[in-house]
Amino acid sequence: MTRPFLGFGLGLRTEHYQTILDNKPDVDWFEILSENYMVPGGKPLDFLDKIRADYPMVMHGVSLSIGSTDPLDKTYLKQLRQLATRVEPYWISDHLCWTSVNQHNSHDLLPLPYNEATIEHVAERICQVQDYLGRQLLIENLSSYVTYNESEMSEWEFLNEIARRADCWVLLDINNIFVSAHNHHFEPIDYIKGIDIDRVMQFHLAGHSYNDSMIIDTHDHDVCDPVWDLYAKALQHFGAVSTMIERDDNIPEFNELHDELKTAEKIAIDTLPAKALTLSQPNMRESEGVA
Amino acid sequence: MTSLRELQQSFMKHLHGEASQHAEGSEHAEGSEIVQHIQSTPDATAQRRLDIYAIGYRLRLKEAITTDFECLHGYIGDDLFDQLMDSYINQYPSQHPSLRYFSQHLVELLSTQKPFVDYPEIIEIAKIEHAFNHSFDAADCTTLSTEDLSKIAAESWPTLEVKFHDSVQLLHCKHNSFAIWKAITDENNPPDLEPDNTTWLIWRKDLISRYRALDDAEMYALTRLAAGDNFSELCEGLLDYFEEEKTPSQAVYYLQTWLNEMMVCGFLLSSKKQYF
């Protein structure tokens, strides 16, 4: 599997629509939250189309519920596929989690027990989704706050094994590794070194908040220094990986996020040889890329 | 070993149970089944760890309701709105993968449960906000213009049917709820509650949600055409509002108005059995 490098992207947020259209900032690509555009029409889709005309995009979902024991939601999958037809994303990602059971949605990314039965269950469902969408998925690691007694392995072993069996990619969230390492008392570098290098397609960076002894994945702060340090280590380990910054709350002016993205770019330039950071062909589409 | 499904059902019960007990003022859903499956550590018990999810669940749903019903929140105040949100979250678990649709049954709750059912303007304000929420991202269509009227052959007019944009909605208010909504939206003091009897048209034009009051004749015309009446049936019904010789021109005038307001997506000619 070859890994295309898109460069450095930002999450597309409604607060920044007009700024992006007016100023055409030098962002390599945008990541959209798929569910925000799984609507019949109106402004969201209008802005999406206009911005897509100028920028590459990837799609990132929060409601696939790939780990649920409910049947896969065919209506959701159909809408996801329709959106992908519209957006022509470089790739589609979602989380290694479950969000719903008995048709009730938690609207949260809930963790799974890390054991063989769950691996088998999730890998099979990823295969079904990949068959339906006609492309490989990226599966992202979570921030989590609980460990099940039923878990029999580390999270990175669990993620690796699912990615191998489903032949999917990994979206590695560096902040989530930091958060979960703190909450579950493991070394974040062990996680990074435990993931198959050739499976990682994208990095996420984000901020978080402290709540007593726990760290909560709030996406409402700047990326903190320890996460930047971990990002540099991840680049050393994996090489050039398309990187984006997630900001979902307390959203600042676009320029502030853009500056933060430049920090990510500078760390990559300082860490990797220039040749490694050559962007993949800008006209790459799903049929030519990772699908 | 407990199955994955059992774990997930227990976890979801904890989220729901936590929600209802918080509504009654207690801090934890102590002793829920999922706790025994979660590891405690010296810095955080299993209960404490699960609480992060339960509290987050409730906060996310409340944020979604607050976003959708900002004006209602402003009108009834924090305490009653919080009571409303607690009731709604407990009674209407989210059944849609997108939070965008979580609050879609709020009017149903307001219309059936005390104390809200005793305050009709509360229900009307909620209906107004619900209608605007729908118009915001209702399905797109290529709207027709007045020039398209010339494509209708004379013999086709009697059986002409009209397809409206999905954002087009009519809302009848028995109180001055729209004035209250407008005042709160503009961050002004709302007027005192008064009886009213107005039907409002809400729709989207150029990506912006619009609204205006309708007189009885236009309300009738729009209602009948939206229900599937054809042009001839409309003209017949308009006899209750206009003199006979004026009804066709008045019906055409309405059509022109709606076309200019980008409310019309298609004309159905019975001879062709298809819209254009």
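Lettering of chains follows the sequences in order, A, B, ..., and the numbering in each one begins at 1. Because the structure is predicted, anything quoted here is derived from the model rather than measured.
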Margin query: Determine whether A/Val39 and B/Tyr101 satisfy the following criterion, side-chain contact (heavy atoms from CB on, under 4.5 Å), listing intermediate values before the conclusion.
Written below: CA-CA 10 Å; A/Val39 293; B/Tyr101 300 100; 3.9 Å; yes
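- More than 12 non-hydrogen atoms from other residues, nucleotides or ligands lie less than 6.0 angstrom from CD of A/Glu15.
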Notebook entry, point to check: Does the pair B/Arg49 and A/His184 meet the rule for a side-chain contact (heavy atoms from CB on, under 4.5 Å), with working shown?
Noted result: CA-CA 11 Å; B/Arg49 290 170 177 275; A/His184 301 301; 3.8 Å; yes
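- The greatest number of non-hydrogen atom pairs below 4.5 Å with chain A, out of B/Ser3, B/Cys141, B/Ser135, B/Ala138, is found for B/Ala138.
- Side chain of B/Tyr53 to main chain of A/Tyr145: a donor-acceptor pair is present (N/O by atom type, distance under 3.5 Å, no hydrogens or angles).
- For B/Asp140 (side chain) and A/Gly42 (main-chain N/O), a donor-acceptor pair under 3.5 Å exists by modelled atom type.
- Under a cut-off of 6.0 angstrom, the local environment of CD in A/Glu157 is crowded, with over 12 non-hydrogen atoms contributed by other residues, nucleotides or ligands.
- Two residues are said to be in side-chain contact when any heavy atoms from C-beta on lie closer than 4.5 Å; A/Pro113 and B/Leu7 meet this criterion.
- Around CD of A/Glu120, the count of heavy atoms belonging to other residues, nucleotides or ligands within 6.0 Å does not exceed 12.
- Contact of the B/Arg5 side chain with the A/Val101 side chain is registered, since non-hydrogen atoms from C-beta on lie closer than 4.5 Å.
- Neither the backbone nor the side chain of A/Asn36 comes within contact range of chain B; no heavy atom of the residue lies under 4.5 Å from a heavy atom of that chain.
- In B/Lys182, the NZ atom is not crowded: 12 or fewer heavy atoms of neighbouring residues, nucleotides or ligands sit closer than 6.0 Å.
- Contact check for B/Leu15 versus A/Asp108: no side-chain heavy atoms found under the 4.5 Å cut-off.
- Residues B/Arg48 and A/Met214 meet the side-chain proximity criterion, which asks for heavy atoms closer than 4.5 Å.
- In this structure, A/Asn211 and B/Ile52 have side chains that are not in contact, with every pair of non-hydrogen atoms separated by 4.5 Å or more.
- In terms of non-hydrogen atom pairs under 4.5 Å with chain A, the most contact-rich of B/Arg60, B/Gln95, B/Gln36, B/Arg204 is B/Arg60.
- At distances below 3.5 Å, not a single donor-acceptor pair connects side-chain atoms of A/Ser63 with backbone N or O atoms of B/Ser98.
- Side-chain atoms of B/His96 and A/Tyr76, non-hydrogen and from C-beta on, never get closer than 4.5 Å to each other.
- If you tally non-hydrogen atom pairs under 4.5 Å between each of A/Asn102, A/Thr118, A/Leu110, A/Leu112 and chain B, the highest count goes to A/Asn102.
- Residues A/Asn105 and B/Tyr57 come closest through the heavy atom pair O-CE1, 4.0 Å.
- Considering only heavy-atom pairs separated by less than 4.5 Å from chain B, the leading option among A/Ser100, A/Ser68, A/Ser144, A/Ser65 is A/Ser68.
- Within a 6.0 Å sphere centred on CG of B/Asp79, other residues, nucleotides and ligands contribute 12 heavy atoms or fewer.
- With a 4.5 Å cut-off on non-hydrogen atoms, A/Leu33 does not touch chain B at all.
- Listed for the B/Gln8 side chain is a donor-acceptor partner under 3.5 Å among the backbone atoms of A/Thr69.
- Put simply, the side chain of A/Thr147 does not reach to within 4.5 Å of the side chain of B/Ile38, judged on heavy atoms.
- In the displayed structure, A/Gln82 atom CD is contacted under 6.0 Å by more than 12 heavy atoms of other residues, nucleotides or ligands.
- In this structure, A/His104 NE2 and B/Tyr92 OH are separated by 12.5 Å, a value rounded to the nearest 0.5 Å.
- B/Ser94 is listed as a side-chain neighbour of A/His107, based on a closest heavy-atom distance under 4.5 Å.
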Next item on the list: For side-chain contact (heavy atoms from CB on, under 4.5 Å), just list the numbers for A/Lys43 and B/Phe136, CA-CA rounded to whole Å, side-chain angles, deciding distance to a tenth of an Å, and then say yes or no.
Entry: CA-CA 7 Å; A/Lys43 259 186 189 174; B/Phe136 174 75; 4.0 Å; yes
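- The local environment of NE2 in A/His208 is crowded, with over 12 non-hydrogen atoms from other residues, nucleotides or ligands closer than 6.0 Å.
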Check: B/Thr41 and A/His185: side-chain contact (heavy atoms from CB on, under 4.5 Å), yes or no, with the steps?
Finding: CA-CA 9 Å; B/Thr41 56; A/His185 313 295; 4.0 Å; yes
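- Shown here for A/Gly67 and B/Leu4, the closest heavy-atom pair between the two residues is O-CD2, 3.7 Å.
- Within a 6.0 Å sphere centred on NZ of A/Lys78, other residues, nucleotides and ligands contribute 12 heavy atoms or fewer.
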